[in-house]
Amino acid sequence: MSGAGSGMRVAVVGGGAVGVTAAHDLAVGGADVTLFERGEVASGASGRAAGVLYDAYAEDVDAELGARALDRFREFSGSDGFEFVECPYVMLARDGDDDLAEAVEGAAERMRVHGRPVETLTGAELGERFTSLAVDDVAVAAVASNAGWTDPASYVEMLAEKAREAGVEIQTNTEVSVSTTPPGVAVADEAPVTRRFEAVVVAAGAHTKRLLAGAGIPIPLKPYRVQALVSSRPFDGPMWYDASAGVYARPHPAGLLAGDGTVPAEADPDEWDRDADDWFVSDVSDTLRARAGYDPELDRAWAGLCTATPDGDPLLGEVADGVYVAVGWQGHGFMRAPATGEAIAKQVLGVEAGIEQFDPARFDGDEEFQISEGMAVDTDADREA
Ligand SMILES: Cc1cc2nc3c(=O)[nH]c(=O)nc-3n(C[C@H](O)[C@H](O)[C@H](O)COP(=O)(O)OP(=O)(O)OC[C@H]3O[C@@H](n4cnc5c(N)ncnc54)[C@H](O)[C@@H]3O)c2cc1C
C-alpha cells in the first residue's frame, strides 16, 4: 500500500481504534491525513472495551479480518506501552441448551473450514484442559487458540503515536460535522468554514449515524449499551464465554475482567448511563461463582456503547463520493480494528480491500431492525430470522 495515495488529502473523523488505524495506514500509504477527535483519543467505546481478542469467526471475510487483526496486534506488541497477551478463548454451552450447544458445535466447524484453529471439546475434556473452570453442566465447548487480550486504550494511544510519526495531524477536542460534494468537515466550535478533503473517513462510533444524517446520508445503525466490570481477586485461567449465561471473562492485571450485560435498546449517543446496572453486577457475579468458583471483589464496573446493524455485519465502505464509513461492529469492533481500519484505508487509496460484503449500499438506511447481542452464537432459528 506504500505510496498509493501520494499527497491525497484525507480527513478521518474519530480517534478510536478504527480511526487511528485508518489514519496511520493512510499516512503510511502516502496520504496527507488529519484526524479529528471530539474528546481525547480512546475516549469513545475503544477506551471502554474489554480487550478480548480472537479470530474465531464462522464466516469467511470475518475470519480473514480476525486473523489479519491478530497478526497486526502481535506485530505491534511490545511497542509504546502496548502488549498483546496470548490466552486461549473458550466458548461453551450448557446441558439442556440444545440449540445453543448445536450452534457452538456448528460455529466451531465453520471456523475450522475457514482455517481457524478451533477445537471442539466435551465438558470432561474441557475440565482436564482448564482446571479453573467448573464443567459438570457443560454440554460442549469450542476452544480457539489464536486469541489473547490487551488493554484497548493502550492500542489506540500506541497507534495514535505511530500515526503522528507517519505524519498524521491529530486534532483532539475538535468536534466536526461532515459534508459531501465535495467531501469536507467543519469544526463545530469555529465559524462555519468547511475544510475540503479528497476523502473523509467517518469512524465516529455511536455518533456516526447522527453525523452522517447531518450530511444527508442515512445509515441503519443503532447504538446500544453493554457493560463490564473488573474484580481485584486473581484469576488464572483462559478467557471464556458462557453462551448460556451470556457472560464472558478474561484474566486482567488487577485480577479478572468480565462482561456483556447487553441492553438491547437503542441508546442516545449523547445521553446514556455510563455506570453499570446493579442487575449486571449481580448476574455476572453469580455466573463467575458458578462457572469458575470465583467470588468477585468488585474494583469497578462501567457501561459503553456498541453499534448494531440490520444484519449484524459492519457498514464499511463508501457512502457518498469520497465519503467513507467504518462502523457497526456489534461488540467486535476492537478486536478487528487493525484489519478494518487497514481495509478502509486501502479502499480510500484505491487498493483492493476485499470488503465488498460490508458495502453500506446494501441498505437504504431506513431499515427497521432489532438489536441482537454481539457475542451471542447464532442458532439456526437466529439465522433464519
Ligand atoms: C464494555 C465494552 C466491552 C467491549 N469489549 C470488546 C471486546 O472485548 N472486543 C471487541 O472487539 N470489542 C469490544 N467492545 C466493542 C468496541 O469497544 C468497539 O466496537 C470499538 O471500540 C469501536 O471502535 P471505533 O473506533 O469504531 O469507535 P470508538 O472507539 O467509539 O471511536 C469513535 C470516536 O469518534 C469520536 N467522535 C464521535 N463524534 C465525533 C465528531 N463529530 N467529531 C470528532 N470526533 C467524533 C468519539 O469521541 C470517539 O472517540 C466493547 C465495548 C464495550 C462498551
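Whatever order the structure lists ligands and atoms in, that order sets their numbers, starting from 1.
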> How are the rings of Phe73 and Phe84 set relative to one another: parallel (under 30°), tilted (30 to 60°) or perpendicular (over 60°)?
Replying inline: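 Answer is parallel, since the angle falls under 30°.
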>> I need the Lys222 NZ to Glu368 CD distance, nearest 0.5 Å.
In response: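 Between Lys222 NZ and Glu368 CD, I get 6.5 Å after rounding to 0.5 Å.
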State, yes or no, whether a side-chain contact exists between [X] and [Y] at a heavy-atom distance under 4.5 Å.
{"X": "Val319", "Y": "Pro360", "answer": "yes"}
{"X": "Asp311", "Y": "Arg362", "answer": "yes"}
{"X": "Pro220", "Y": "Leu315", "answer": "yes"}
{"X": "Met335", "Y": "Tyr57", "answer": "yes"}
{"X": "Arg129", "Y": "Glu125", "answer": "no"}

> Between Phe36 and ligand 1, which residue portion shows a heavy-atom distance shorter than 4.0 Å: side chain, backbone, both, or neither?
Replying inline: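 Phe36 to ligand 1: backbone contact only, side chain stays beyond 4.0 Å.
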>> Within the 3.5 Å criterion, strictly below it, is a donor on Glu37 or Ser43 matched to an acceptor on the partner's side chain?
In response: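 Side-chain D/A pair, Glu37 to Ser43: present.
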>> Under a 3.5 Å threshold, yes or no: a donor from one side chain and an acceptor from the other, between Glu40 and Asn173?
In response: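 Yes, side-chain donor-acceptor contact under 3.5 Å.
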Numbering the atoms of ligand 1 from 1, which are under 4.0 Å from a heavy atom of [X]?
{"X": "Leu211", "value": "41 (N)"}
{"X": "Ser43", "value": "47 (O), 49 (O)"}
{"X": "Arg48", "value": "1 (C), 2 (C), 3 (C), 52 (C)"}
{"X": "Cys306", "value": "15 (C), 51 (C)"}
{"X": "Val52", "value": "7 (C), 8 (O), 9 (N)"}
{"X": "Tyr248", "value": "3 (C), 5 (N)"}
{"X": "Gly304", "value": "53 (C)"}
{"X": "His207", "value": "37 (C), 38 (N)"}

Is it true that [X] lies under 4.0 Å from ligand 1, counting heavy atoms only?
{"X": "Ala337", "answer": "no"}
{"X": "Val327", "answer": "no"}
{"X": "Ala203", "answer": "yes"}
{"X": "Thr174", "answer": "yes"}

Does [X] reach ligand 1 with a nitrogen or oxygen that is under 3.5 Å from one of the ligand's nitrogen or oxygen atoms?
{"X": "Trp329", "value": "yes"}
{"X": "Val226", "value": "no"}
{"X": "Ala17", "value": "yes"}
{"X": "Leu305", "value": "no"}
{"X": "Ala49", "value": "no"}
{"X": "Ala206", "value": "no"}
{"X": "Ala45", "value": "yes"}
{"X": "Arg336", "value": "no"}

Can you check which of [options] brings a heavy atom nearest to [atom]?
{"atom": "atom 6 (C) of ligand 1", "options": "Gly261, Pro269, Ala50", "value": "Ala50"}
{"atom": "atom 23 (O) of ligand 1", "options": "Ser46, Gly16, Gly44", "value": "Ser46"}
{"atom": "atom 13 (C) of ligand 1", "options": "Gly331, Ala42, Pro152", "value": "Gly331"}

> Is it true that Arg38 and Asp270 have a side-chain N and a carboxylate O under 4.0 angstrom from each other?
Replying inline: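 Here Arg38 pairs with Asp270 in a salt bridge, since their nearest N and O are under 4.0 Å apart.
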>> For Asp62, is there an ion pair with Arg110 - N to carboxylate O distance below 4.0 angstrom?
In response: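 Salt bridge: no.
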> Are Val61 and Val118 co-members of a hydrophobic cluster defined by side-chain heavy atoms under 4.5 Å apart?
Replying inline: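 Same hydrophobic cluster.
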> Under the side-chain contact (heavy atoms from CB on, under 4.5 Å) criterion, do His24 and Val168 qualify, and how do the steps go?
Replying inline: CA-CA 7 Å; His24 169 268; Val168 176; 5.7 Å; no
>> Using the side-chain hydrogen bond (donor to acceptor under 3.5 Å, both in side chains) definition, which of the options Ser285, Ser231, Ser132 pairs with Tyr294?
In response: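 So, applying the side-chain hydrogen bond (donor to acceptor under 3.5 Å, both in side chains) to Tyr294 and each of Ser285, Ser231, Ser132, only Ser231 qualifies.
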